[in-house]
Amino acid sequence: MDTAKNTEINHLVQKAEALLQDEAVDEAHALITSALDDYDHVRLWRFLRRILLMQGDEQAAHELMARIIEHVKGPTPGELALAKSNRSAFTSVSDHKILYLHVPKCGSTTIKDMLYHILTGERAEGHSHTLVSKHAPYAFEDRTRLHETHANWFKFLVVRDPISRLRSYYRFNLVFTNDLSKEVMGRETYLGLKLQPSYDEFLANLTRYRQVFRTLRAHTNGIADIAGADASIFDWIGPVKEMDSLRLKLSEKVGVDIPAIHNFRSKDMAKIEPSDALEEEARARYARDYEAYGTYF
């Protein structure tokens with residue numbers, strides 16, 4: 001499978017992207033599958049995976065991603081989750097032997113701000129994801145071998161009740177930062193989905209939203225999809241509310257006095273009136289999270 005830069009591949013992907021922006025999903029599918037007759041290129045396969053999700057074929061998208069994942073240089077956490085890979089994208093602070101697995105909507109901006117302070121002595125001021133990656137890039141590690149490959153590293157994970165994660169995503173990402181409009185510019189709906197839905201509309205159509213919007217899918221993947229279901233591979237697991245305990249533990253480990261840091265409290269950004277029935281339906285989707293990590297929520 002070809003992974004090299006290719007001008008023609010770039011052109012094909014741009015053309016397919018333009019079709020998707022026009023909601024011509026089937027036409028984009030036809031274009032990419034035709035191109036794959038001539039080019040066995042990883043970018044085309046990745047784009048086809050995206051289209052399959054938009055068409056609602058989750059199983060085909062999973063099978064495709066599982067087949068090509070080892071050919072993808074720098075896979076996204078979402079691609080690893082879709083492929084059900086044993087690998088995860090860890091933030092690796094090698095100088096201090098710290099390995100952190102980022103789960104979206106689990107205080108990750110605050111945690112990476114702490115790590116940035118450890119590395120530089122400075123605050124990231126809301127830009128911790130970008131700034132930390134320059135000093136501690138993702139390390140794609142096999143979770144099943146961490147006890148062997150990182151035996152004396154501090155491996156930690158911060159978790160959160162899945163419904164609380166969904167509420168946080170809705171308040172901050174959907175309402176406050178209007179993330180979906182950044183994927184499809186200049187419109188109010190896309191493929192029949194509102195870009196600014198009510199909370200109930202978001203929950204009622206969660207499966208479809210996850211299929212259509214990449215950033216939404218990445219932020220609403222289950223903890224077990226990202227971190228696996230074996231909690232024993234981590235040296236410390238705690239909920240968002242124990243952030244100060246984590247800060248003190250990191251401070252003690254690295255010998256750096258990390259200041260109290262709390263970024264982006266989403267609960268005051270948008271009021272919601274949750275539907276018990278819809279949240280219970282969403283809770284069932286995250287059954288593996290409750291089974292593997294529920295004692296920490």
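Proximity of a side-chain donor or acceptor of Asp22 to a complementary backbone N or O of Ala24 within less than 3.5 Å is not detected. Remark: side-chain polar atoms of Arg143 are not paired, donor with acceptor, to backbone N or O of Ala229 under 3.5 angstrom. With hydrogens and angles ignored, the 3.5 Å screen pairs no side-chain donor or acceptor of Glu141 with any backbone N or O of Phe90. Formation of a donor-acceptor pair under 3.5 Å by the Tyr170 side chain with backbone atoms of Pro197 is found in this model. Checking side-chain atoms of Arg46 against main-chain N and O of Pro75 turns up no donor-acceptor pair under 3.5 Å. With hydrogens and angles ignored, the 3.5 Å screen pairs a side-chain donor or acceptor of His41 with a backbone N or O of Ala4. The main-chain N or O of Ile223 is found under 3.5 Å from a side-chain atom of Asp289 such that the two form a donor-acceptor pair. In terms of modelled atom types and a separation under 3.5 Å, the side chain of Thr120 and the main chain of His117 share no donor-acceptor contact. Using modelled atom types, no side-chain atom of Ser108 and backbone atom of Pro104 make a donor-acceptor pair closer than 3.5 Å. Under a 3.5 Å cut-off, the side chain of Ser251 and the backbone N or O of Arg247 do form a donor-acceptor pair.
In plain terms, the two heavy atoms of Arg208 and Gly56 that are nearest each other are NH1-N, 4.0 Å. For Arg165 against Cys106, the heavy-atom pair with the smallest separation is CD-SG, 3.8 Å. What you find for Pro77 and Tyr138 is that their closest heavy atoms are CG-OH, 4.4 Å. Residues Ile272 and Arg167 share a closest heavy-atom pair of CD1-CG, 3.7 Å. When all heavy atoms of Met54 and Leu191 are compared, the pair lying nearest together is CE-CD1, 3.8 Å. Nearest heavy-atom pair across Ala81 and Asn221 is CB-ND2, 4.1 Å.
Within 6.0 Å of NZ in Lys84 there are 12 or fewer heavy atoms belonging to other residues, nucleotides or ligands. The local environment of CD in Glu201 is crowded, with over 12 non-hydrogen atoms from other residues, nucleotides or ligands closer than 6.0 Å. Counting non-hydrogen atoms of neighbouring residues, nucleotides and ligands closer than 6.0 angstrom, the CD atom of Glu17 exceeds 12 such neighbours. The neighbour count for Lys241 NZ, taken as heavy atoms of other residues, nucleotides or ligands under 6.0 Å away, does not exceed 12. In the displayed structure, Glu58 atom CD is contacted under 6.0 Å by more than 12 heavy atoms of other residues, nucleotides or ligands. Residue-environment remark: CG (Asp276) stays at or below the threshold of 12 foreign heavy atoms within 6.0 Å.
Put simply, CD1 on Ile226 and OG on Ser85 are 13.0 Å apart, with the number rounded to the nearest 0.5 Å. Interatomic distance, CD of Glu279 versus OH of Tyr199, reported as 3.5 Å (0.5 Å rounding). Atoms CG and CG, from Leu131 and Leu115 in turn, are 12.0 Å apart once rounded to the nearest 0.5 Å. Atoms CD1 and NZ, on Ile258 and Lys249 in that order, are 12.5 Å from each other to the nearest 0.5 Å. In this structure, Ile233 CD1 and Leu99 CG are separated by 9.0 Å, a value rounded to the nearest 0.5 Å. Interatomic distance, Ile68 CD1 to Thr3 OG1, rounded to the nearest 0.5 Å: 11.5 Å.
By the rule that hydrophobic residues join a cluster once side-chain heavy atoms approach within less than 4.5 Å of another member, Met1 and Leu52 end up as members of one cluster. Leu246 is not connected to Leu248 by any chain of hydrophobic side-chain contacts under 4.5 Å among Ile, Leu, Val, Met, Phe, Trp and Tyr, and they are in different clusters.
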Could you walk me through whether Thr177 and Asp179 satisfy the side-chain hydrogen bond (donor to acceptor under 3.5 Å, both in side chains) test, starting with their C-alpha distance in whole Å, then the side-chain angles of each, then the deciding distance to 0.1 Å, before giving a yes or no? CA-CA 5 Å; Thr177 61; Asp179 275 7; 2.8 Å; yes
Check step by step if side-chain hydrogen bond (donor to acceptor under 3.5 Å, both in side chains) holds for Lys105 and Asn173. CA-CA 10 Å; Lys105 312 316 297 179; Asn173 299 82; 2.8 Å; yes
Please determine whether side-chain hydrogen bond (donor to acceptor under 3.5 Å, both in side chains) holds for the pair Thr207 and Arg285, giving the CA-CA distance in whole Å, both sets of side-chain angles, and the decisive distance to 0.1 Å. CA-CA 10 Å; Thr207 295; Arg285 170 189 293 277; 2.3 Å; yes
Using the rule given for salt bridge (charged side-chain N to carboxylate O under 4.0 Å, His left out), can you reason through Arg288 versus Glu291, listing the C-alpha separation, both sets of side-chain angles and the distance that settles it, and then say yes or no? CA-CA 5 Å; Arg288 290 180 69 224; Glu291 182 178 352; over 6 Å; no
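Aromatic ring pairs are classed by plane angle as parallel below 30°, tilted from 30° to 60° and perpendicular above 60°; the pair Tyr100 and Phe156 is parallel.
When each of Leu193, Asn205, Val25 is checked for a side-chain contact (heavy atoms from CB on, under 4.5 Å) with Val212, only Leu193 meets the rule.
The closest side-chain heavy-atom distance from Gln59 to Asp57 is below 4.5 Å. In this structure, Leu31 and Lys15 have side chains that are in contact, with non-hydrogen atoms separated by less than 4.5 Å. Using a 4.5 Å heavy-atom threshold, the side chains of Glu23 and Tyr190 count as touching.
Among pairs with a residue in residues 144-159, those fulfilling side-chain hydrogen bond (donor to acceptor under 3.5 Å, both in side chains) read Asp142-Thr144, Arg145-Glu148, Lys155-Asp235, at least two apart in sequence or across chains.
Stacking of Arg50 on the aromatic ring of Phe47 is recorded, both the 6.0 Å distance cut-off and the 45° axial limit being met.
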